[in-house]
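Worksheet for the structure shown next.
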Protein chains: 2
Amino acid sequence: MKKMTEAITTDFEKINSDLVDVFNNVMWIEEASLKRSYFSDITLKDMHTIDAISMYDEKSASQVARMIHLTPSAMTTAIDKLVQKGYVERRRSRTDRRVVKLGLTHKGRVVYRAHQGFHRDMAHNFMAGMTTEEASAVQRAIHNLKSYLRAILSK
Amino acid sequence: MKKMTEAITTDFEKINSDLVDVFNNVMWIEEASLKRSYFSDITLKDMHTIDAISMYDEKSASQVARMIHLTPSAMTTAIDKLVQKGYVERRRSRTDRRVVKLGLTHKGRVVYRAHQGFHRDMAHNFMAGMTTEEASAVQRAIHNLKSYLRAILSK
DNA sequence: AAGAAATACTTCGATAATCAAAATATATGA
DNA sequence: TCATATATTTTGATTATCGAAGTATTTCTT
């Protein structure tokens, strides 16, 4: 019994340090593999903008800004850059001519899908070799974490 | 059987999207809760520098720079700032007077521990309510991911 | 329906992080 | 000793970001 407690303690330290390691490195690795890819003219932050715009529904500039925690003015310059590089399109809304609707160009959709593929590979490796039961525990863990972070956010 | 396959597919999508959600938000949440804390004069990047310096062994400026993927020149200015704010100390190595050894001040050690606490809470919530078996599956998952990222890095 | 207030975005001016290249100080090897 | 290598800093330029002011458009109030 005592031994088991020790084992759990050790496991916790291991999980904690692996978790920190993963968080500290994912961003940088995404950034680096983007630089080595065909799409080396955009940064990871640009990628997040593209991801927030996404494929299927028109979002306004301010919606996207809120999603990725940028001020409207920073959003304007970020979009300028992505428009100029051919990833994003600006259109004025017809119903409210103040708002700018954002959409991806063909090139934007290609890089969006590539990035989704990256995430998908990551998730596949995360789940590699799990039984159904194990997978459901992992699912619960990641859901826990998501809820915890949400809770902090709304504090 | 078919139904089960579908369930697994759905689970995968859920895990994937939760994983992405967590990655996209952790950094921002850490940043935000740092701003609200007693240590609102440092950014998350500063925190990562402090974390890389750590408590127990003297590291040189260039070692720390490599750990957090900064150029030496950027490291110099980053340290200047942290020295000026009272978190970090610079000392010249005695055996090689070119190298700068970095260490944390009392204040630096306090914020270092606070940040470790944050990670610990996160890991605790990640593991909340898991049995020993489930915990070991989760441990394996996070280890998988870590290895996967390492593999990409060395490509 | 005119004028006031609100909203969505952009422009402007300032600041901070970062980089690459040159400079400085020190150490190592021929 | 002198040339070369190494660790860090300084310099000059670029880029991301912000907040405040500006512009265009819509909505609200009376």
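Order of the sequence lines fixes the chain letters, A, B, ..., with proteins taken first and strands second; residue numbering starts at 1 for each chain.
- OP1 and OP2 of D:dT15 both lie 4.0 Å or more from every side-chain N or O belonging to A:K81.
- For B:S93 (side chain) and B:V99 (main-chain N/O), no donor-acceptor pair under 3.5 Å exists by modelled atom type.
- Side-chain atoms of A:R92 never come within 3.5 Å of backbone atoms of A:K101 as a donor-acceptor pair (strictly under, hydrogens ignored).
- Here the side chain of B:D46 pairs a donor or acceptor atom with the backbone of B:T43 at under 3.5 angstrom.
- Whole-Å rounding puts the B:M75 CE to D:dT9 C1' distance at 13 Å.
- Protein atom CZ of A:R92 is 8 Å distant from nucleotide atom C1' of C:dA8, rounded to whole Å.
- Looking at B:K14, its side chain never comes within 3.5 Å of a backbone N or O of A:Q139 through a donor-acceptor pair.
- One end of the helix from C:dA1-D:dT30 to C:dA30-D:dT1 points its axis 10° away from the other end's axis, with each axis taken from 5 pairs and the angle rounded to 10°.
- Residue B:E31 contributes atom CD, which lies 13 Å from atom C1' of C:dA16 at whole-angstrom precision.
- No donor-acceptor pair under 3.5 Å is formed between the side chain of A:D51 and the backbone N or O of A:H48.
- Counting any heavy atom pair closer than 4.0 Å across all strands shown, B:S60 reaches sugar-phosphate atoms only and no base atom.
- The side chain of A:K45 lies closest to D:dA16 when the candidates are D:dT8, D:dA16, C:dT18.
- Taking 4.0 Å as the cut-off between side-chain N and carboxylate O, B:K85 and B:D41 do not count as a salt-bridged pair.
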Anything under 3.5 Å between a protein N or O and an N or O of nucleotides 27-30 of chain C, put it in a table, one pair a line.
residue, atom, partner, partner atom, Å
C:dA27, OP1, B:R97, N, 3.0

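- Among the atoms of the strands shown, none is found under 4.0 Å from any heavy atom of A:K101.
- Whole-Å rounding puts the A:R66 CZ to C:dT7 P distance at 12 Å.
- Contacts of B:S62 with the nucleic acid, taken as non-hydrogen atoms under 4.0 Å apart, involve only primed sugar atoms and P, OP1 or OP2.
- Checked against D:dA16, D:dT17, D:dT9, the side chain of B:P72 finds its nearest nucleotide in D:dT9.
- Per the geometry, CD1 belonging to A:I68 stands 12 Å off P belonging to D:dA16, to the nearest Å.
- If you take CG of A:D80 and P of C:dC12, they are 12 Å apart, rounded to a whole angstrom.
- The aromatic rings of B:F23 and A:F23 sit perpendicular to each other, their planes meeting at more than 60°, with 30° as the lower class boundary.
- Comparing A:D46 and A:S73, the nucleotide of DNA chain D nearest to each residue sits closer to the 5' end for A:D46.
- Closest contact between the side chain of A:T71 and the listed nucleotides C:dT10, D:dG19, C:dC19 involves D:dG19.
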Requested in this report: Take B:V64 and B:M75, measure what side-chain contact (heavy atoms from CB on, under 4.5 Å) needs, and give me the verdict at the end.
Outcome: CA-CA 8 Å; B:V64 173; B:M75 193 78 260; 3.9 Å; yes

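- Atom NZ in A:K85 sits about 10 Å away from atom C1' in D:dT15, given to the nearest Å.
- Distance NZ/B:K59 to CG/B:L102: 9.5 Å, rounded to 0.5 Å.
- Rounded to whole angstrom, the span from the CG atom of A:L102 across to the C1' atom of C:dA8 amounts to 12 Å.
- At least one donor-acceptor pair closer than 3.5 Å links the side chain of A:N125 to the backbone N or O of A:D121.
- Counting only heavy atoms from C-beta on, A:T76 has its side chain closest to C:dT10 among C:dT10, D:dC18, D:dT9.
- Projected onto DNA chain D by closest heavy-atom contact, A:T43 and B:Q63 fall at different nucleotides, the more 5' of which corresponds to B:Q63.
- Side-chain atoms of B:V99 lie closest to D:dA7 of the nucleotides C:dC19, C:dA8, D:dA7.
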